[in-house]
Visitor: 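Mind looking over this structure? Questions follow.
Excluded from the calculations below are hydrogen atoms, water molecules and symmetry mates; all remaining heavy atoms, backbone and side chain alike, are included.
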Amino acid sequence: MFKISNGEKTCEFESGVKIYDVLKSLGLDNKKLIAGKLNGKLLDLSREISEGGEIEAVNTDSPEGLEILRHSTAHLMAEAIEKLYPGTKFGIGPAIKDGFYYDLDIAGDITITEQDFSAIEAEMRKLSGAAEKITREDLPKDEALKFFESRNDNYKTELINEIDAPTVSIYKQGNYADLCRGPHVPDTSKVRNFKLLSVAGAYWRGSEKNKMLTRIYGTAFANPDELKEYLKRMEEAKLRDHRKLGKDLDLFSLHEEGPGFPFFHPKGVTIMNTLIDFWRREHLKRGYLEIKTPQILDRDLWIRSGHWDHYRENMYLTEIDGKPYAIKPMNCPGSILVYKTQLRSYRDLPLRLAELGIVHRHERSGVLHGLMRVRCFTQDDAHTYIEHAKIKEEVTEIMNLDKYVYNDVFGFKYSVELSTRPEDSMGTDEQWETAENALREALESTNTPYTINPGDGAFYGPKIDFHLEDCLGRTWQCGTIQLDFQLPGRFEVTYIGEDGAEHTPVLLHRVVFGSVERFLGILIEHYAGAFPFWLAPVQIELITVSENHLKYAEDLKNKLIDSGFRVDIDKRNEKLGRKIRDAQLQKVPYMLIIGDKECENNLMSVRERSKGDLGSMNFEEFKNLLNQEFNPIH
């Protein structure tokens with residue numbers, strides 16, 4: 001006999017009792033119940049247990065329950081595909097944020113496209129209606145290998161051979177079986193609200209040396225209303241796709257001649273320069289000094305920094321005068337070399353060195369995505385050298401800057417994560433514990449809500465990550481604050497303390513935008529291309545009724561440019577309605593209509609893109625209106 005409690009009630013059970021019976025005895029069973037959690041471990045409802053402890057019910061409306069539901073939906077899709085496309089082999093099929101995917105090796109020359117989704121979904125619904133039991137079987141590794149070898153499944157046998165455990169688990173439903181840790185829903189009837197979304201190619205195990213598989217993405221929710229709302233957001237996201245809007249608004253282009261290297265057009269460069277002007281202004285106000293370091297640096301520098309051992313596969317390498325060099329993937333070693341050009345004192349600290357550094361990182365072709373995942377980008381870096389006693393104070397200052405940029409200027413909500421030590425890390429346990437505690441103290445002293453992201457820190461230190469939420473509820477990881485005790489020691493970075501002795505400073509790595517290019521992509525989708533006035537590439541479009549009005553329009557344009565505004569004239573020989581409509585499609589904040597009346601009376605007819613006609617104004621009246629627009633640069 002053993003005891004199990006849910007925190008309010010405790011019951012005694014005999015060995016071999018099922019999780020579901022325990023939850024039922026404790027009054028925790030309900031229609032949303034799909035799994036249990038005993039002593040922190042997720043278990044199937046049918047799992048038999050022989051130990052006591054603390055138990056929780058896992059329902060479909062919880063994050064863990066939704067993940068289980070989506071994982072089970074991936075299995076349901078695989079079972080349907082196996083029926084419709086006999087001989088298909090299955091790679092990996094996890095639950096992911098907002099859904100799931102499964103990698104398939106389809107027999108023969110058959111290709112699955114989105115046109116096939118309706119047939120697959122129909123088969124999934126049929127299997128769901130059959131309420132097939134989902135069962136778990138634990139097998140010794142050799143038996144599991146024989147099982148999948150009998151199915152000629154080289155993918156599962158490869159995975160089993162890498163598992164360092166005497167037994168593995170297999171989940172079965174109907175005639176379908178898969179290698180899986182679980183847990184899963186008790187039967188297929190629990191999976192009802194799903195939708196297949198897209199299909200893509202994916203290399204087995206993410207390696208370009210392996211076979212290209214077919215990856216099908218889908219989503220699932222606990223109730224139909226949540227699914228409908230999600231699909232509605234997805235449709236809106238397609239309309240806001242920054243790649244489409246980037247083309248429509250003539251901001252940037254992507255070319256096969258430079259995969260992962262976007263080409264920026266004049267309007268796109270205007271927005272990026274405006275973002276950079278804003279960035280420079282805010283950093284100047286906060287005591288940052290801007291530097292610029294080389295693109296290519298000697299390999300020995302990257303060996304010393306640790307990047308050669310921990311990041312080499314993402315680096316582009318070259319050779320100069322017979323010596324190996326690398327194109328920088330990070331700005332930090334260059335910043336350290338600048339720091340070391342002078343003898344530094346405690347009076348110089350904190351020393352905040354900022355750099356808009358262009359970095360290159362080799363990303364696999366399969367993950368490249370517009371401006372969101374590229375191989376070359378501008379990182380709005382800063383490296384701050386501080387005394388140990390100033391960590392909390394400096395981290396707090398950076399968090400205040402992040403709040404101003406994300407929330408006050410761009411209107412983003414955001415959440416914060418503390419990412420802790422990864423497996424592939426440098427440094428001692430004591431250093432990591434000190435660093436993690438310092439960041440945790442800064443978060444808690446400012447009453448900042450945060451979650452722990454275990455094992456996702458940088459190889460040289462823990463970090464605080466900022467995840468922005470856009471108008472569609474999607475999140476984007478942008479800012480980060482990384483606390484580094486490693487590089488200062490490896491590069492023998494020192495300062496003279498108040499006691500006259502040499503000390504090693506702490507190094508804070510941080511970005512606000514993260515990548516200027518990626519941040520632009522996020523803004524394009526967040527605003528659906530309708531940038532706020534201060535950021536719009538063309539703030540004012542002058543639209544003439546006929547060529548007779550061009551001289552007045554040119555004079556007006558020059559006056560507005562002299563006043564600091566970005567202005568264009570539509571000189572095309574088109575009808576007035578067409579010009580206005582095109583300016584609306586280009587999402588220009590203000591349109592000035594110029595005709596006979598305006599020329600004769602030194603006026604302009606003003607239209608605002610969302611409010612429409614604002615009436616006639618003279619130059620000073622219109623300028624006063626523009627000066628009321630929010631502008632964080634002025």
Visitor: Any carboxylate oxygen within less than 4.0 angstrom of a Lys/Arg side-chain nitrogen, looking at Glu620 and Lys623?
Guide: no

Visitor: If the test is salt bridge (charged side-chain N to carboxylate O under 4.0 Å, His left out), which one of Glu525, Glu469, Glu236 qualifies with Arg474?
Guide: Glu525

Visitor: Taking the side chain as every heavy atom from C-beta outward, state whether Ser198 and Tyr217 have any atom pair closer than 4.5 Å.
Guide: yes

Visitor: Surrounding NZ of Lys390 (heavy atoms of other residues, nucleotides or ligands, distance under 6.0 Å), is the total greater than 12?
Guide: no

Visitor: Using 30° and 60° as the class boundaries, would you call the ring planes of Phe278 and Tyr404 parallel, tilted or perpendicular?
Guide: tilted

Visitor: Is the distance between the ring centroids of Phe410 and Phe519 under 6.0 Å?
Guide: yes

Visitor: Taking NZ, NE, NH1 and NH2 as the nitrogens, is one of them in Asp555 or Lys559 under 4.0 Å from a carboxylate oxygen of the other?
Guide: no

Visitor: Backbone N or O of Phe100 within a donor-acceptor pair of the Arg70 side chain at under 3.5 Å?
Guide: no

Visitor: Do you know the tightest heavy-atom contact between Leu245 and Ala528?
Guide: CD1-C, 3.6 Å

Visitor: Check whether more than 12 heavy atoms from other residues, nucleotides or ligands sit under 6.0 Å from atom CD of Glu547, and answer yes or no.
Guide: no

Visitor: Mark yes when over 12 heavy atoms from residues, nucleotides or ligands other than Arg364 sit less than 6.0 Å from its CZ; otherwise mark no.
Guide: no

Visitor: Are Ser610 and Glu608 close enough, and set up right, to give a side-chain hydrogen bond (donor to acceptor under 3.5 Å, both in side chains), and what steps lead you there?
Guide: CA-CA 6 Å; Ser610 59; Glu608 200 270 344; 2.7 Å; yes

Visitor: So, for His383 and Tyr339, is the gap between ring centers shorter than 6.0 Å?
Guide: no

Visitor: Could you check whether the rings of Tyr406 and Tyr414 sit parallel, tilted or perpendicular, using 30° and 60° as the cut-offs?
Guide: perpendicular

Visitor: Answer yes or no: does atom NZ of Lys285 have more than 12 heavy-atom neighbours from other residues, nucleotides or ligands under 6.0 Å?
Guide: yes

Visitor: Can you tell me if NZ on Lys340 sees more than 12 non-hydrogen neighbours from other groups inside 6.0 Å?
Guide: yes

Visitor: Is Arg312 positioned over the aromatic face of Trp302, cation under 6.0 angstrom from the ring centre and no more than 45 degrees off axis?
Guide: no

Visitor: Do side-chain atoms of Arg286 reach the backbone of Glu282 as a donor and acceptor pair under 3.5 angstrom?
Guide: yes

Visitor: With a 4.5 Å limit on heavy-atom distance, are the side chains of Val511 and Asp380 in contact?
Guide: yes

